[in-house]
A.B. asks: 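Handing you a structure now.
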2 protein chains.
Amino acid sequence: MSDLLERLRERGWRLTAQRRVVAEVLDGDHVHLTADEVHARAIARLPEISRATVYNTLGEMVSIGEVVEVATDGRAKRYDPNAHRPHQHLVCSGCGTVRDVHPHGDPLAALPAAERFGFTVSAAEVTYRGLCPDCS
Amino acid sequence: MSDLLERLRERGWRLTAQRRVVAEVLDGDHVHLTADEVHARAIARLPEISRATVYNTLGEMVSIGEVVEVATDGRAKRYDPNAHRPHQHLVCSGCGTVRDVHPHGDPLAALPAAERFGFTVSAAEVTYRGLCPDCS
DNA sequence: TTCTTGACTTAGACGGAGTCCAATGTACGA
DNA sequence: TCGTACATTGGACTCCGTCTAAGTCAAGAA
Ligand SMILES: [Mn+2]
Ligand SMILES: [Mn+2]
Ligand SMILES: [Zn+2]
Ligand SMILES: [Zn+2]
């Protein structure tokens, strides 16, 4: 994750304790935390960090493409540090767990030109739903 | 849409002016209105209808499978009367317009067993993103 | 037709998620 | 070390949605 901090610095961004902590908290595989979960974990390391700063920092990381926003339910958005390898999500309808998955083929290829209504289609997001081993 | 009202009655539900108006407002193709948009249009026909009733009625229609909820952005959910024919959505990143699309093949088929992590996968939702003719 | 009653509707309070702001603090180049 | 532009803070605010208590009414019974 210090890659990320280095990239932030290269963009002229100040390295603050808050940004460092948000980057640390978001490290790992299959990590899909809400902003408030990030805040709670950040507070454990830096008690005075504010909710607004967590939102700001997450927003910055999203805008430079280091983190992706994932909306799997009608609830809070989730933040995903796995931004370098394109992937889709498998969500448990029971407990809400989210796993990264890599379907084969390009999902865009399944949409014929006749079904594009003149749009310039640039991306496809797929959410697979089902029950995880614990919930089934 | 009186099909829908008939089905509601068969389930023992009272036919009220409010439910009738919500069903009427939601009729058509490529209709993906937010609850507040439904409310605004319903008010034009029945000025005293409340927001709570619109939410209640939409929720009932969703629970009997006559309407589907669609979350295309991080904003308000949209309500889609096209519940009988399975389909996916194409969303304009500029203006937010939503079109129904029918990709070929089963989107579930693209997810190999090795990528299912022991889940019982039952559905896949695909959101295609791009720019509509007006926005590009 | 009128009556009765439980289901429906209503307004407004409430809650979660996210944004915005003015005041305060601080990273870092000079 | 200093100055200052940028970052952080807490709290107010907005948007979307849910809940509740009180009033209303659809529809079966008589
Ligand atoms: Mn992911
Ligand atoms: Mn649709
Ligand atoms: Zn589960
Ligand atoms: Zn558009």
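Proteins get letters first, then strands, A, B, ... in listed order; numbering begins at 1 in each. Computed from heavy atoms alone, side chains included, the values below leave out hydrogens, waters and symmetry copies.
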A.B. asks: Quick one: on DNA chain C, does A:A35 or A:N56 contact a more 5' nucleotide (nearest heavy atom)?
C.D. replies: A:A35
A.B. asks: Within this structure, what is the CZ-to-P distance between A:R9 and D:dC6, rounded to whole angstrom?
C.D. replies: 17 Å
A.B. asks: Which whole-number value in Å describes the distance from A:L8 CG to C:dC28 P?
C.D. replies: 11 Å
A.B. asks: Report yes if a side-chain nitrogen or oxygen of B:R75 is closer than 4.0 Å to either non-bridging phosphate oxygen (OP1 or OP2) of D:dC16; otherwise report no.
C.D. replies: yes
A.B. asks: Distance check needed: C:dA11 P versus B:E48 CD, whole Å only.
C.D. replies: 9 Å
A.B. asks: NA contact type, B:A76, heavy-atom cut-off 4.0 Å: base, sugar-phosphate, or nothing?
C.D. replies: sugar-phosphate
A.B. asks: How close or far is atom C1' of D:dT9 from atom CG of A:L46, stated in whole angstroms?
C.D. replies: 12 Å
A.B. asks: Test side chain to side chain contact (heavy atoms under 4.5 Å, CB included) on A:H89 and A:D80; report intermediate values, then the result.
C.D. replies: CA-CA 11 Å; A:H89 293 103; A:D80 182 349; 3.1 Å; yes
A.B. asks: Is it true that B:E6 and B:R9 make a salt bridge, defined as a side-chain N closer than 4.0 Å to a carboxylate O?
C.D. replies: yes
A.B. asks: Considering heavy-atom distances to DNA chain D, does B:R20 or B:D36 have its closest nucleotide positioned more toward the 5' end?
C.D. replies: B:D36
A.B. asks: A:R14 has an atom CZ; how far is it from atom P of D:dA5, in whole Å?
C.D. replies: 10 Å
A.B. asks: Any luck finding a side-chain donor-acceptor pair between A:D100 and A:H32 under 3.5 Å?
C.D. replies: yes
A.B. asks: Return no unless some side-chain N or O of B:Y55 is found under 4.0 Å from OP1 or OP2 of D:dT18.
C.D. replies: no
A.B. asks: Could B:R78 and B:E69 be called an ion pair, given the rule that one side-chain N must be under 4.0 Å from one carboxylate O?
C.D. replies: no
A.B. asks: Could you check which of D:dT9, D:dT8, D:dA26 has an atom nearest any side-chain atom of A:A52?
C.D. replies: D:dT9
A.B. asks: Does a salt bridge link A:R19 with A:E60, judged by any charged N lying under 4.0 Å from a carboxylate O?
C.D. replies: yes
A.B. asks: How many Å lie between CD1 on B:I49 and P on D:dC25, as a whole number?
C.D. replies: 14 Å
A.B. asks: For D:dT9, take OP1 and OP2 only and decide whether either is under 4.0 Å from a side-chain N or O of A:Q18.
C.D. replies: yes
A.B. asks: Rounded to whole Å, how long is the line connecting atom CZ of B:R11 with atom P of C:dA7?
C.D. replies: 16 Å
A.B. asks: Check the distance between C:dA17's P and B:K77's NZ and give it to me in whole angstrom.
C.D. replies: 13 Å
A.B. asks: If only side-chain N and O atoms of A:R19 are considered, is one of them under 4.0 Å from the OP1 or OP2 phosphate oxygen of D:dA7?
C.D. replies: yes
A.B. asks: Using a cut-off of less than 4.0 Å, is there contact between a side-chain N or O of A:T53 and OP1 or OP2 of D:dA7?
C.D. replies: no
A.B. asks: Take B:W13 and B:Y79, find for each the nucleotide of DNA chain D with the closest heavy atom, and name the residue whose nucleotide sits nearer the 5' end.
C.D. replies: B:Y79
A.B. asks: Suppose we call a contact any N or O donor and acceptor under 3.5 Å apart; does that hold for the side chain of A:R51 and the base of C:dG18?
C.D. replies: yes
